[in-house]
Amino acid sequence: MTNLAMNLVHTAAKHPDRPAIRLGDSVLSYAQFEQASQLVAALLAQHGVRPGDRVALMLPNVPHFALLYYGALRLGAIVVPMNPLLKEREVAYHLSDSGARLLFVWTGFEQEGEAGAVLAEAKTIVVEPTTWPGLLAGLAPVAEVHEADADDTAVILYTSGTTGKPKGAELTHANIARNVEICADELIFVSEQDVVFGGLPLFHVFGQTASLNAAIYAGACLTLLPKFDPRAALETIARDKVTIFQGVPTMYTVLAHFPERDHYDTSSLRVCVSGGAALPVEILNAFESAYSCIVLEGYGLSETSPVVSINRLDQRRAGSIGVPVSGVEVRIVDDSAVDVPVGEIGELIVRGHNVMKSYWGKPDETAQAIPDGWFRTGDLARRDEDGFLYIVDRKKDLIIRSGYNVYPREVEEVLYEHPAVAEAAVVAFPHPEFGDEIAAVVALKPGAAAEPDELREFVKAKVAAYKYPRVVEIVTALPKGATGKILKREITLTTV
């Protein structure tokens, strides 16, 4: 049987008393997790949910997310995870596009959730800790697990919509199950002895596959943090003896520079994983120096379940996203889909068991993204002679100044070398003579000082004349998405 929910069944049978999900002082064992998922399946059936129906979850990182997720999978339903910060019209879009007729929304977010559900003609169930037991009371547990085919859709994950309305990536039971096995067995070697940090949003593919599902598969404990904060993260690591930390670059940045980090015992950490965006080498080095723990940078997307490549514990290179995982092929091609020579820059395309089934209800967009069995990532990359991959930038973020290609990440890496810089983003703005002109938006470290002219000259001394930013703006903080990824599309320049 391929159903992803079988991972929970097997782990609960093998390790019934081990802690599965933790939030603060509240701990759920694997036996309790399995029993609760059976009751959730009964609750869904009571509301008319059948195999193939879509069930939307609009919850932060709380145990109830995991219970609903696995209860829905057990019944054969398709999970539609949603950011709890979505507004009415966004909620309505996700529900209408996926066809979900049932939405579970966490208390405190129900105003927008319920309003959006009304527009989409969906039913809402508000999840609140004190009333949760009442929702499950008197139900007959659903012990059986729906027999799913490998190609059956398990989850619909909506992309960030940077180029238009979000699209729902259909990930199958086989997509996720194989990616989970690779994460746990081949890359970071998760076991029942591990405690996995659960600060990545569970509605996002990184947190869902590499944190939640990998922990359940291996029998590890997932300790949740509903909202990332450096102090709360360090308290969680110290209290629960976290062994595996997974985060995005902005998390590593704030932890590396957190002034009180030495007040917390983080010696339990054995491996850290970074994904979601490029990790600046300066940040990687600063974090490893501060916490004495190796960081493995990897690469993936919602459409690839997500892991495509990663550095290994015994083989890694700073600045690289590593090499492809088992069963996944990558190529670097030009605009005609012809492979470029080693060391040259082209678009990274992917083929393998991790590539999504399709974009939900969008055959034309699916054909455009996967025209020949190879998924077009939209990321520009190069490969060295040893097969290590390096992301250069997003294809759409490429800046062309006077006919010269400027890759923002290269300039950002230089800015991160400046001792005052905490975060940086390089973007383009229109110029009548050069086509694109270059700007840098920078946030400084706490207590640090720097002037725009100083930062501009710092970069100018280290890159070719056509690459340095002519405009530098200093801001309090850069705009970020749900995972902490810097959102360049939301940056507004004030001086041009």
Side-chain angles (χ1 to χ4, degrees), residues 249-250 252-254 256-257 274 277-290 295 297 299 311 316-321 342-346 379-385 388-429 431 433-475 477-478 485-486 488 491 493-496:
T250 50
Y252 287 98
T253 299
V254 70
H257 298 142
S274 179
L279 179 65
V281 175
E282 287 294 320
I283 299 302
L284 182 147
N285 292 335
F287 183 91
E288 291 192 341
S289 175
V295 179
E297 184 175 3
Y299 169 82
N311 284 274
R316 67 186 187 122
R317 295 188 182 174
S320 168
I321 57 168
V342 170
E344 295 294 315
I345 295 171
D379 285 315
L380 296 172
R382 62 180 176 85
R383 182 178 357 217
D384 67 21
E385 293 181 352
F388 279 81
L389 300 165
Y390 300 79
I391 294 295
V392 176
D393 237 308
R394 287 292 293 168
K395 193 172 183 179
K396 63 181 181 58
D397 288 341
L398 174 67
I399 299 171
I400 303 178
R401 183 183 188 275
S402 292
Y404 290 100
N405 289 350
V406 178
Y407 300 99
R409 185 186 174 185
E410 179 186 1
V411 183
E412 290 161 2
E413 288 278 359
V414 175
L415 282 163
Y416 276 106
E417 293 175 14
H418 192 283
V421 172
E423 296 177 336
V426 171
V427 297
F429 64 92
H431 190 279
E433 180 180 354
F434 304 126
D436 285 343
E437 189 53 280
I438 306 163
V441 183
V442 173
L444 303 180
K445 296 175 184 176
E451 295 297 325
D453 288 348
E454 173 189 348
L455 296 175
R456 182 170 54 251
E457 293 304 312
F458 180 82
V459 177
K460 184 178 180 180
K462 295 176 180 290
V463 299
Y466 64 89
K467 295 180 182 179
Y468 75 89
R470 270 52 179 183
V471 171
V472 177
E473 294 188 1
I474 297 176
V475 297
L478 292 167
K485 183 177 180 179
I486 293 171
K488 291 187 177 181
I491 291 175
L493 299 173
T494 61
T495 58
V496 297

Between [X] and [Y], is any pair of side-chain heavy atoms under 4.5 Å apart?
| X | Y | result |
| --- | --- | --- |
| S274 | L284 | no |
| P452 | I474 | yes |
| R317 | D384 | yes |
| V475 | V442 | no |
| P469 | V411 | yes |
| I283 | V281 | no |
| V414 | Y468 | no |

| task | Considering only NZ, NE, NH1 and NH2 on the basic side and carboxylate oxygens on the acidic side, decide whether R409 and D397 come within less than 4.0 Å. | result |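 A salt bridge is absent here (no side-chain N lies under 4.0 Å from a carboxylate O).
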| request: Determine, for E288 against R316, whether the closest basic-nitrogen to carboxylate-oxygen distance falls under 4.0 angstrom. | output: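 Result for this pair is yes, salt bridge flagged.
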| query | Between H418 and L455, does a side-chain contact (heavy atoms from CB on, under 4.5 Å) hold up when you go through it step by step? | reply | CA-CA 8 Å; H418 192 283; L455 296 175; 3.7 Å; yes
| field | V254 and T250: CA distance, side-chain angles, deciding distance, side-chain contact (heavy atoms from CB on, under 4.5 Å) verdict | value | CA-CA 6 Å; V254 70; T250 50; over 6 Å; no
[atom2] on [Y] to [atom1] on [X], rounded to 0.5 Å:
| X | Y | atom1 | atom2 | answer |
| --- | --- | --- | --- | --- |
| R470 | F429 | CZ | CZ | 9.5 Å |
| Y299 | D379 | OH | CG | 3.5 Å |
| R382 | I391 | CZ | CD1 | 10.5 Å |
| Y407 | R394 | OH | CZ | 14.5 Å |
| L380 | D393 | CG | CG | 7.0 Å |
| R456 | E454 | CZ | CD | 11.0 Å |

Which pair of non-hydrogen atoms, one from [X] and one from [Y], has the smallest distance, and what is that distance?
| X | Y | value |
| --- | --- | --- |
| Y466 | N405 | CE1-O, 3.7 Å |
| P280 | E413 | CA-OE2, 3.4 Å |
| V441 | L493 | CG2-CD2, 3.6 Å |
| A424 | I486 | O-CD1, 4.1 Å |
| L279 | E297 | N-OE2, 3.0 Å |
| F287 | V295 | CD2-CG2, 3.6 Å |

| query | Can you check side-chain contact (heavy atoms from CB on, under 4.5 Å) on L415 and V426, steps first, answer last? | reply | CA-CA 9 Å; L415 282 163; V426 171; 4.0 Å; yes
| said: Within 45 degrees of the ring normal and closer than 6.0 Å to the centroid, is that where the cationic atom of K460 sits relative to F458? | reply: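 Pair K460/F458 does not count as cation-pi.
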| request: Only pairs at least two apart or in different chains count here, so list each salt bridge (charged side-chain N to carboxylate O under 4.0 Å, His left out) that has a residue in residues 437-451. | output: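 Sorted result for residues 437-451: R401-E437.
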| message | Are more than 12 heavy atoms, taken from residues, nucleotides or ligands other than K488, located less than 6.0 Å from that residue's NZ atom? | response | yes
| request: Report, as yes or no, whether the 6.0 Å neighbourhood of atom OH on Y404 holds more than 12 heavy atoms from other residues, nucleotides or ligands. | output: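 No, because the 6.0 Å sphere around OH of Y404 holds 12 heavy atoms or fewer from other groups.
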| request: Report the C-alpha distance between Y416 and E423 in whole Å, list the side-chain angles of each, state the deciding distance to 0.1 Å, and finish with yes or no for side-chain contact (heavy atoms from CB on, under 4.5 Å). | output: CA-CA 7 Å; Y416 276 106; E423 296 177 336; 4.1 Å; yes
| Just by distance, do the side chain of T253 and the backbone of P249 share a donor-acceptor pair under 3.5 Å? |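 Present.
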